[in-house]
Visitor: 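Please read through the structure below; I'll follow up with questions.
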Protein chains: 2
Amino acid sequence: MEAAIAKSLKAGGKKLTRARKAILAVLERNTLPITVAEVHAGLVKAKTDVDLVTVYRNLAMLQELGLVNAVGFQEGQMRYEVVHGRAHHHHIQCRGCGKILDLMLCPLKKLTKLIEEQTRFSVDGHALEFFGWCPQCR
Amino acid sequence: MEAAIAKSLKAGGKKLTRARKAILAVLERNTLPITVAEVHAGLVKAKTDVDLVTVYRNLAMLQELGLVNAVGFQEGQMRYEVVHGRAHHHHIQCRGCGKILDLMLCPLKKLTKLIEEQTRFSVDGHALEFFGWCPQCR
DNA sequence: CTGTTAAATGCAATCTACTTGCATGTAAGG
DNA sequence: CCTTACATGCAAGTAGATTGCATTTAACAG
Ligand SMILES: [Mn+2]
Ligand SMILES: [Mn+2]
Ligand SMILES: [Zn+2]
Ligand SMILES: [Zn+2]
């Protein structure tokens, strides 16, 4: 458990519970974004029994605190990955097998400025995912 | 009803039904991507009664034929917009009021090539949406 | 260490988006 | 018209996610 995370939680008036430690541990040992069900399965496997609803509530909370990132691929559900210690980046998913890769890049800094000028929105985030066919499924 | 659309349907072995004409009409009179429920509400308002399940089935079919585009913002549901006659583009949504704007641009052509080389995937699509705060919600 | 309390959890019920099965209706072509 | 494959409506079912509430627990003051 990173000290920085404990600090963020405290700053948000949140407690550092058994369930939260375990959820963060599951997320940290997964490089790629995983579903709520996969987080829950990870908890069960680690013999840390946490109700599924607690997983939902904590992922939502961790996302609000900015400790966890939600990624949507068009699967009808979100996936989650830890933010701490990892650079902002994007993903690609295979339409055949669903495999996901990290893409450690982001081309959107300049464009964001342009969009802010053109729309008068203040832009505070974006979602960029690629889709295609991996070598095995091609 | 565009002739090009009728042609695409026929090419896919699909019939040009009352429901389909009405669904496409609703989509065409909306510039911005709308939810399934909004499509259905549009049909009711136009006094064209079509079951919600028929809307789901047709949107899925129209998407497979490439006539309709699904856009996901992180709302727990998809939105749909017609493709025909509109250039490839992206969107921005306000985190406060949910307002959506079209962004008639795409910065990803070159990057797609790079990703194909680096990952050995063949890339056939991407999702790019921006989030932020509109002038009213700021 | 102990008592207090606000936050967190588990369980059951509920909600919402979406899908499936099947009997009936209808567009399209001959 | 007649035929038939495709499309639709209705009802039921599924899966992901949320809510209400009684109980437990982390955090902290004393
Ligand atoms: Mn990632
Ligand atoms: Mn659009
Ligand atoms: Zn980015
Ligand atoms: Zn694009």
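Proteins come first, then strands; the chains are lettered A, B, ... in the order of their sequence lines, and each starts at number 1.
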Visitor: Look only at the side chain of B/Arg79 and the backbone of B/Leu32, and say whether a donor-acceptor pair between them is shorter than 3.5 Å.
Guide: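 A pair under 3.5 Å: no.
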Visitor: Would you say B/Gln93 and B/Glu75 are linked by a side-chain donor-acceptor pair, where the criterion is simply a distance under 3.5 Å?
Guide: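 On atom types as modelled, these side chains qualify, holding a pair under 3.5 Å.
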Visitor: When all nucleic acid strands are considered with a 4.0 Å heavy-atom cut-off, which category describes A/Met61: base, sugar-phosphate, or nothing?
Guide: nothing
Visitor: Can you tell me how far P of D/dT18 sits from CD of A/Glu64, to the nearest Å?
Guide: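 It is 11 Å, rounded to the nearest whole Å.
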Visitor: Taking CD1 from A/Ile23 and C1' from C/dG10, how many angstroms apart are they, rounded to a whole number?
Guide: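 Interatomic distance, CD1 of A/Ile23 to C1' of C/dG10: 13 Å.
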Visitor: Determine: side-chain N/O of A/Arg20 to OP1/OP2 of C/dT9, distance under 4.0 Å, yes or no.
Guide: yes
Visitor: Between atom OH in A/Tyr56 and atom P in C/dT9, what is the gap in whole Å?
Guide: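 Interatomic distance, OH of A/Tyr56 to P of C/dT9: 16 Å.
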Visitor: Taking A/Asp51 for the side chain and A/Val53 for the main chain, is one N or O donor matched with an acceptor at less than 3.5 Å?
Guide: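 Yes; judged by distance alone, with no hydrogens or angles, the pair exists.
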Visitor: Using whole Å, report how far CG of A/Leu24 lies from P of C/dA8.
Guide: 13 Å
Visitor: Same cluster or not: are A/Phe121 and A/Leu108 linked, directly or through other Ile, Leu, Val, Met, Phe, Trp or Tyr residues, by side-chain heavy atoms under 4.5 angstrom apart?
Guide: yes
Visitor: Does a side-chain N or O from A/Thr54 land closer than 4.0 Å to OP1 or OP2 of C/dG10, or not?
Guide: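 Indeed, a polar side-chain atom of A/Thr54 lies that close.
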Visitor: Quick check: does any side chain N or O of A/His89 sit under 3.5 Å from a backbone N or O of A/Ala87, one acting as donor and the other as acceptor?
Guide: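 Answer holds: yes.
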Visitor: Could you check which of C/dA28, C/dG10, D/dC10 has an atom nearest any side-chain atom of A/Val50?
Guide: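 Given the options C/dA28, C/dG10, D/dC10, the side chain of A/Val50 is closest to C/dG10.
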Visitor: If each of B/Gln77 and B/Lys10 is mapped to the nucleotide of DNA chain C with the nearest heavy atom, which maps nearer the 5' terminus, i.e. the 5' end?
Guide: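 It is B/Gln77 whose nearest nucleotide is closer to the 5' end.
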Visitor: Rounding to an integer number of Å, can you tell me how far A/Asp51 CG sits from C/dA12 P?
Guide: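 The answer, rounded to whole Å, is 9 Å.
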Visitor: D/dA5 base to B/Lys15 side chain: any donor-acceptor pair below 3.5 Å?
Guide: yes
Visitor: For the atom pair CG (B/Leu43) and NZ (B/Lys45), what is the distance rounded to the nearest 0.5 Å?
Guide: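 B/Leu43 CG to B/Lys45 NZ: 11.5 Å, rounded to 0.5 Å.
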Visitor: Report the nucleotide, chosen from C/dC18, D/dC10, D/dC21, that has the shortest atom-to-atom distance to any side-chain atom of B/Arg57.
Guide: D/dC10
Visitor: Rounded to whole Å, how long is the line connecting atom NE2 of B/His40 with atom C1' of D/dG9?
Guide: 11 Å
Visitor: Could you tell me whether A/Ala37 contacts a base, only the sugar-phosphate backbone, or nothing, with contacts defined as non-hydrogen atoms closer than 4.0 Å?
Guide: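 The answer is nothing, as A/Ala37 stays clear of every strand by at least 4.0 Å.
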Visitor: Is any N or O donor-acceptor pair between the side chain of B/Arg18 and the base of D/dG9 shorter than 3.5 Å?
Guide: no
Visitor: May I ask you to check whether B/His90 and A/His126 place their ring centres under 6.0 Å from each other?
Guide: no
Visitor: Taking only heavy atoms on the protein side, list every residue of residues 90-99 of chain B lying under 4.0 Å from any atom of DNA chain D, sorted numerically.
Guide: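 Residues of residues 90-99 of chain B under 4.0 Å from DNA chain D: none.
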Visitor: NZ of B/Lys21 versus C1' of C/dA28: gap in Å, rounded?
Guide: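 In whole Å, C/dA28 C1' lies 12 Å from B/Lys21 NZ.
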Visitor: I want to confirm an ordering. Mapping A/Leu52 and B/Thr17 to their closest nucleotides on DNA chain C, which one lands closer to the 5' end?
Guide: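 Between the two, 5'-proximity favours A/Leu52.
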Visitor: Could you tell me how far apart B/Asp49 (CG) and D/dC10 (P) are, to the nearest whole angstrom?
Guide: 8 Å
Visitor: Take A/Val82 and A/Asn30 through the side chain to side chain contact (heavy atoms under 4.5 Å, CB included) test and state the conclusion after the steps.
Guide: CA-CA 9 Å; A/Val82 281; A/Asn30 280 274; over 6 Å; no
